[in-house]
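Only one structure is covered here, and it is reproduced in the block below.
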Protein chains: 2
Amino acid sequence: MPRPTIDDVATRAGVSIKTVSRVVNREPNVRESTREKVEKAIADLKYRPNPSAQNLASHRARLIVLVYDDPSAYEVPSSGYIIRLQQGALKACRKAGFELLIHPCNYRNSHVGRELRELIDQVRPAGIIVAAPLSNMPKIVRAIEATGTPLVRLSPGTRNGKQLTVVTNDREISAEMTRYLASLGHTRIAFITGHPSHKAVGNRYLGYRDGLEQSGLKFSESLVAAGNNSIGSGEECAMQLLKRKHRPTAIFAANDDMAAGVIRVADRLGIKVPEELSVAGCDDIALARQVYPALTTINQPLSAMAEYAAVALIASVRGKRPLLGTEIVPAALQIRESTGPAPD
Amino acid sequence: MPRPTIDDVATRAGVSIKTVSRVVNREPNVRESTREKVEKAIADLKYRPNPSAQNLASHRARLIVLVYDDPSAYEVPSSGYIIRLQQGALKACRKAGFELLIHPCNYRNSHVGRELRELIDQVRPAGIIVAAPLSNMPKIVRAIEATGTPLVRLSPGTRNGKQLTVVTNDREISAEMTRYLASLGHTRIAFITGHPSHKAVGNRYLGYRDGLEQSGLKFSESLVAAGNNSIGSGEECAMQLLKRKHRPTAIFAANDDMAAGVIRVADRLGIKVPEELSVAGCDDIALARQVYPALTTINQPLSAMAEYAAVALIASVRGKRPLLGTEIVPAALQIRESTGPAPD
DNA sequence: GTGAAAGCGCTAACAC
DNA sequence: GTGTTAGCGCTTTCAC
């Protein structure tokens, strides 16, 4: 039972192979009745075009490359992040009959540029998706740009307008988290900022301020502590905030690690979470579910972002649509156990 | 700058394309001097065969499929596991000019069999690697077997002798961990067994007993507690073991989750780790580094196992070598902070 | 709108 | 040992 070829379909539909090809590739200039005949033959025969033959004849592969930071290079907490990106990209690729080539890539390696160029030269992908933090590294973006391959960048800190960029609504969702805390009756809501170089994290601070304003609460410098994204810095900031006479009843940290640090310190100080202190994080990493109490946080829509990127790439190949602008994929609050009504 | 083809290489080397093809595919019947000429031309031109053309002409893809349990289906602590498998397989594929197609797959879905068959039919991979726990599921293994595609199973609980199986030395390394604990002066070393259905975990218990014997310690039923792989069961077992009058000075758990449970209970009971109690786990999951003190454990060589599987698959395609038997990839102790000298 | 013919870059079968 | 000749299954070009 060799699998059917385009010739089999053409014979069965009573047309030429070129017409079948047109139908398969959704090209114009096919009469509706002809298209239907061909589609029926395709369905009857369960015909699936041979990707290798398509690639060979068309000089481009039905394949998308997903580039992300190689976790083996240092630690592996990022694996959940990668898996979610893969899932989203995979979903879009499968639907379109594309393949997904994964390419972990160590940006600390001085040859990344050449490595990417060679990869592209070898597989000639229809497009490339670059995930953060790589999506913001000039040497990587430039190397890909130089090959002329369609590129989509995920959550880059800055946008250069040359490619499509997919981001999430960090600022807006952070405002929403702040409003949520306010709606629980909290009036002294503290914020722990992240590492200053991390742009997305900076947006969360802006969102926090927006949220305060939208809730009619006034901002106070004394309720902001400067962290650096690590658990340890979360602990230090928590110490600083909780030792004050008039301590906050809620602490919103710019990422989950710092929020976990807050919980740890609260435990140490005998402050009950969420009864006496609500704690919220951001990112929804695996740790958020492992701490006790489980952390209320913001779920990054990584899978949806990667899926959107892949869909856009595939559409641009097929329809010659330009890949430009910015797509905002909304995040969502993950309400768990670490937040609750403000104490009296 | 169109990339060079086999014709360019043939012209430059002054041979026919078939000879170039022979060199590229490491076929016999090429004079050494000819081979060298061709290899030089390949290097000069930076020639890389076009995979699509190779696939089309040879009716098989230079591609390996890695099948693993889809984490989206339930939780995501398995992402580190998946990433490590991918890294190993990727490494082998890159070296050989193969591609890796990743295929997360939900075995709870009743259509998995058909899904896999269709995938195989569509991409015609050179081989398939199936990771645990899928590697032990009859409906998955049978579906793949039915297609005749070369298959390698990773860490299946049972071996059926029809395919190559890659496992780790669970029993031996567990014995080593036990000897390590004994070498620290511990004489009352307890063990927490895992879920009985989990074969690999059962081997760890055997290794524990081996290790005791090799260290000249005598086994005692009273130092064994039966867990079920969860953190909670680790806590219960720890309670049971630590409340005894003559409590153990070291506890070796059949997995990291249970070991984490032990640490939690020790903390609750005011028993200092590692000063008063050494705790060791198994698997080296991300949690092992997150608990305090960081867990001494056994590092599963997942990446190396997947790499071996891919290398074997590629070799079997090229050299028509049969894929049979069992390869044992050794694990290694990860000594961290949760183990130390036995108290006086 | 549709089709015929000419490859894409490689491997397979067989000749030499 | 090495080369020749056919394809593999599709897209492209261009004719109709």
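Residue numbers begin at 1 in each chain, while the letters A, B, ... track the order of the sequences. If you're wondering where the values come from, they're calculated on a predicted model, not measured in any experiment.
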Could you tell me whether a side-chain N or O of A/N25 sits under 3.5 Å from a main-chain N or O of A/R22, the two making a donor and an acceptor? no
Answer with base, sugar-phosphate or nothing: what part of the nucleic acid does A/V15 contact at a heavy-atom distance below 4.0 Å? sugar-phosphate
Under the salt bridge (charged side-chain N to carboxylate O under 4.0 Å, His left out) test, which residues partner B/R12, sequence neighbours left out? B/D44
Counting only side-chain nitrogens and oxygens, does A/T19 get under 4.0 Å of the OP1 or OP2 atom of C/dG3? yes
Just jot down the salt bridge (charged side-chain N to carboxylate O under 4.0 Å, His left out) partners of B/E118, sequence neighbours excluded, or say none. B/R114
Check the interface with nucleotides 14-16 of chain C: list each N/O to N/O pair with the protein under 3.5 Å, or write none.
none

Interatomic distance, A/K18 NZ vs D/dT12 C1' [rounded to whole Å]: 7 Å
CZ/A/R48: more than 12 non-hydrogen atoms of other groups inside 6.0 Å: no
Atom CG of B/N25 to atom P of D/dT2: distance rounded to whole Å? 16 Å
In residues 26-44 of chain A, which ones come under 4.0 Å of DNA chain C, going by heavy atoms? A/N29, A/V30, A/R31, A/T34
For the residue pair B/E115 / B/N106, report whether a side-chain donor-acceptor contact shorter than 3.5 Å exists. no
Kindly say if B/S21 contacts the phosphate of C/dT11, meaning a side-chain N or O under 4.0 Å from OP1 or OP2. yes
For A/N55 and C/dC8, what is the distance between atoms CG and P respectively, to the nearest whole Å? 16 Å
Please write out the pairs of protein N or O atoms and N or O atoms of nucleotides 6-9 of chain D separated by less than 3.5 Å, giving the distance to one decimal.
unit_1: D/dC8; atom_1: O2; unit_2: B/A57; atom_2: N; d: 3.4

Pair B/E145 + B/K162: basic N to acidic O under 4.0 Å: yes
Take the C1' atoms of the five end pairs on each side of the helix from C/dG1-D/dC16 to C/dC16-D/dG1, derive the two axes, and give their angle rounded to 10 degrees. 30°
